[in-house]
Amino acid sequence: MKKDVVFALNYALNKGFQIHPNAFEILEKVEIRDLEKVIRDIVREKTKQKVFHINQEDLEVFLGLKEEEELLSEHKILSDPTLKITSSEGIIGFGALFSNRFSRLKRMVSNRPEAKLLKPISSIIALKSDNDVFVCGLLVERNSERSVTKLIIDDPTGSLESIVFDKDLQNIAASLLIDQFVMERVSLGKNGGFIVKDIIVPNIPDHTPNYSKTETYAVFLSDLHVGSKYFMEKELEKFVLWLASPDPIARKIRFVLVAGDVIDGIGIYPNQEKELVFTNVDEQLKKAVEILEKIPRHIKVFIMPGNHDPGRRALPQPAIPKKYNLDLWNRENFFMVGNPALISLNGIKVLMFHGQSIDDIVRTTPGLSFDNPTKVMRHLLQARHLSPIYGSQTPLAPEVEDMMLIDEVPDVFHVGHVHVVGLDLYKGVLLINSGAWQYQTPFQASVGITPTPGIAIIVNLKNFKVYRKDFKTES
Ligand code: D5M
Ligand code: FE
Ligand code: ZN
């Protein structure tokens with residue numbers, strides 16, 4: 001028997017394992033590179049499972065010689081801003097952006113019965129009759145004072161101020177995001193002002209999701225923050241090793257999606273240098289590649305930028321540019337996408353977005369908080385827009401086409417940024433906030449954000465069954 005085979009077998013036997021004779025047959029037939037490592041991995045995994053024998057199947061499974069089922073892993077990038085970004089500049093650009101947002105959302109609601117009755121704002125300003133009329137526009141302002149709410153909406157023809165008295169309607173008004181598209185049914189009040197009778201948001205219809213034909217699994221991650229002192233390197237390494245292990249679920253994983261903040265970046269917030277292990281972007285990305293390239297090649301990895309990654313800050317963001325790291329682009333199982341992106345995995349449409357807009361939305365919308373990110377995600381689907389608020393902290397680029405619109409109803413909506421795991425189902429759409437791989441930073445502590453890091457969200461694409469796997473080490 002070859003020396004390395006003897007060594008590997010002794011290793012397993014010393015750990016108290018029995019080895020089935022059929023495992024020997026394989027070892028004699030197949031030339032196995034890194035046999036020692038393979039045996040060690042099997043021993044580790046089976047020890048966890050408290051099963052202390054190794055047979056032919058264990059070796060076959062681990063060496064990829066056997067798949068009990070052919071698992072589909074087809075992908076298509078349906079929409080990606082990277083090549084569409086025009087970087088138009090100035091006020092004219094923003095005019096074009098908002099006019100595009102307005103007209104496309106108006107078209108989106110055009111099959112609703114109310115849409116037939118829509119009037120331009122300019123034509124109703126001089127309204128004399130007290131019949132109800134329908135208008136639509138982007139919400140520019142919302143104020144609540146005493147027991148009424150004032151709304152101002154703009155369409156291309158003018159601006160309309162209206163008042164909401166009804167309590168339920170006021171709650172709906174409070175849930176609207178600034179600069180989102182909204183339809184209103186209004187009537188003329190006795191003192192000449194417009195009174196809101198109904199508020200209609202674009203929303204998504206009840207959705208019947210697409211499922212994968214085979215039991216292929218996908219893992220949803222975000223906010224690795226490689227380069228930060230608080231990056232959970234050990235935990236992410238453990239996750240990557242698990243992907244290559246004989247664990248029955250790990251063996252079925254064919255997709256890994258990373259929703260931004262791959263690295264911590266530099267100059268992202270004041271005094272960040274003090275919290276970095278690597279103080280330049282190149283080194284941080286190199287480290288990220290070092291870890292991610294251990295993901296087995298049969299798993300496709302989709303990588304999106306966040307506000308900490310290089311490229312540009314304003315939304316939509318292009319994929320992390322080649323000039324920062326060519327290895328990310330060259331590896332055959334890595335797919336670099338912009339933010340946001342729509343990706344089909346075995347026919348399942350996954351809308352991916354880093355989630356920068358959540359900060360502004362939480363700050364301006366009553367009832368929302370960082371520790372319930374999927375509630376914010378519901379609002380985004382209702383507004384059919386990923387980042388409506390303009391002029392606050394989330395920079396928007398003056399693109400001619402508003403690429404932050406949610407044109408298509410996805411099957412899975414995957415967001416990151418808040419570092420808190422959130423799972424929900426909204427009208428048939430699976431909502432995932434995939435948490436983080438960074439411990440709580442002093443800044444997050446100071447603003448009361450308590451992350452839930454080190455958890456991988458794993459989804460069986462055949463039935464959308466979701467698993468949370470915690471990789472946090474005890475320390
Ligand atoms: O964002 C991580 C989390 O920290 C996310 O919930 C937003 C929050 N955050 C980040 N910067 C700010 C500021 N300036 N104000 C309030 N909250 C903030 P990350 O993108 O990973 O830094
Ligand atoms: Fe982050
Ligand atoms: Zn972020």
Side-chain angles (χ1 to χ4, degrees), residues 220-233 235-236 257-278 281 284-285 287-288 291-292 303-320 337-341 352-365 368-377 379-380 386-387 389 391-396 404 414-422 431-457:
F220 296 82
L221 312 176
S222 62
D223 297 271
L224 313 184
H225 290 269
V226 178
S228 159
K229 269 191 196 168
Y230 306 98
F231 164 50
M232 297 163 74
E233 178 169 355
E235 288 78 358
L236 191 66
L257 295 85
V258 185
D261 285 357
V262 178
I263 59 170
D264 207 52
I266 52 157
I268 308 294
Y269 57 85
N271 297 318
Q272 190 186 12
E273 320 77 71
K274 295 186 193 128
E275 298 182 1
L276 293 176
V277 177
F278 298 114
V281 164
Q284 294 181 3
L285 283 171
K287 182 73 193 172
I291 299 170
L292 295 175
I303 300 173
M304 159 176 286
N307 51 310
H308 284 254
D309 298 308
R312 78 166 180 191
R313 282 300 278 282
L315 293 172
Q317 294 180 288
I320 296 172
V337 296
N339 174 27
M352 260 174 103
F353 169 47
H354 177 61
Q356 285 94 323
S357 60
I358 295 175
D359 297 350
D360 290 333
I361 292 171
V362 165
R363 211 171 317 109
T364 54
T365 317
L368 296 181
S369 68
F370 285 115
D371 45 55
N372 193 355
T374 53
K375 198 167 174 197
V376 186
M377 292 164 71
H379 280 65
L380 298 178
L386 295 168
S387 189
I389 302 175
S392 198
Q393 281 184 20
T394 311
L396 295 179
M404 306 310 290
H414 175 205
V415 173
H417 187 58
V418 290
H419 296 206
V420 176
V421 167
L431 310 184
I432 300 174
N433 194 297
S434 49
W437 295 78
Q438 183 190 37
Y439 290 112
Q440 188 187 46
T441 65
F443 170 76
Q444 287 163 0
S446 75
V447 294
I449 292 171
T450 309
T452 57
I455 298 169
I457 303 300

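For ligands, and for the atoms within them, numbers begin at 1 and follow the listed sequence.
- At distances below 3.5 Å, at least one donor-acceptor pair connects side-chain atoms of Q272 with backbone N or O atoms of D264.
- Side chain of N433 to backbone of G416: a donor-acceptor contact under 3.5 angstrom is found.
- Protein contacts to the Fe ion (ligand 2) involving N, O or S atoms at a distance below 2.8 Å are D223 OD1, H225 NE2, D261 OD2, H419 NE2.
- Between F443 and Y269, the two ring planes are parallel [angle under 30°; tilted spans 30° to 60°].
- Put simply, the side chain of Q438 never gets that close to the backbone of Y230: no donor and acceptor are under 3.5 Å apart.
- Using modelled atom types, no side-chain atom of Q444 and backbone atom of I449 make a donor-acceptor pair closer than 3.5 Å.
- H417 has its closest N, O or S atom to the Zn ion (ligand 3) at the position named ND1.
- Under the 3.5 Å distance criterion, the side-chain polar atoms of D261 are matched with a main-chain donor or acceptor of H308.
- When the Zn ion (ligand 3) is compared with the N/O/S atoms of D261, atom OD2 turns out nearest.
- When atom types are taken as modelled, the side chain of K229 and the backbone of T441 share no donor-acceptor pair closer than 3.5 angstrom.
- Between the side chain of D360 and the main chain of S357, no donor-acceptor pair closer than 3.5 Å is present.
- Taking backbone and side chain together, H308 holds no N, O or S atom under 2.8 Å from the Zn ion (ligand 3).
- Enumerated by chain and number, the residues approaching ligand 1 to less than 4.0 Å through a heavy atom are D223, H225, D261, N307, H308, D359, F370, Q393, H417, V418, H419, F443, Q444, I449.
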Q356 and N339: side-chain hydrogen bond (donor to acceptor under 3.5 Å, both in side chains), yes or no, with the steps? CA-CA 10 Å; Q356 285 94 323; N339 174 27; 3.3 Å; yes
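- Not one N, O or S atom of Q356 sits under 2.8 Å from the Zn ion (ligand 3).
- Without hydrogens or angle criteria, H419 side chain to G435 main chain gives no donor-acceptor distance under 3.5 Å.
- Listed for the Q317 side chain is a donor-acceptor partner under 3.5 Å among the backbone atoms of R312.
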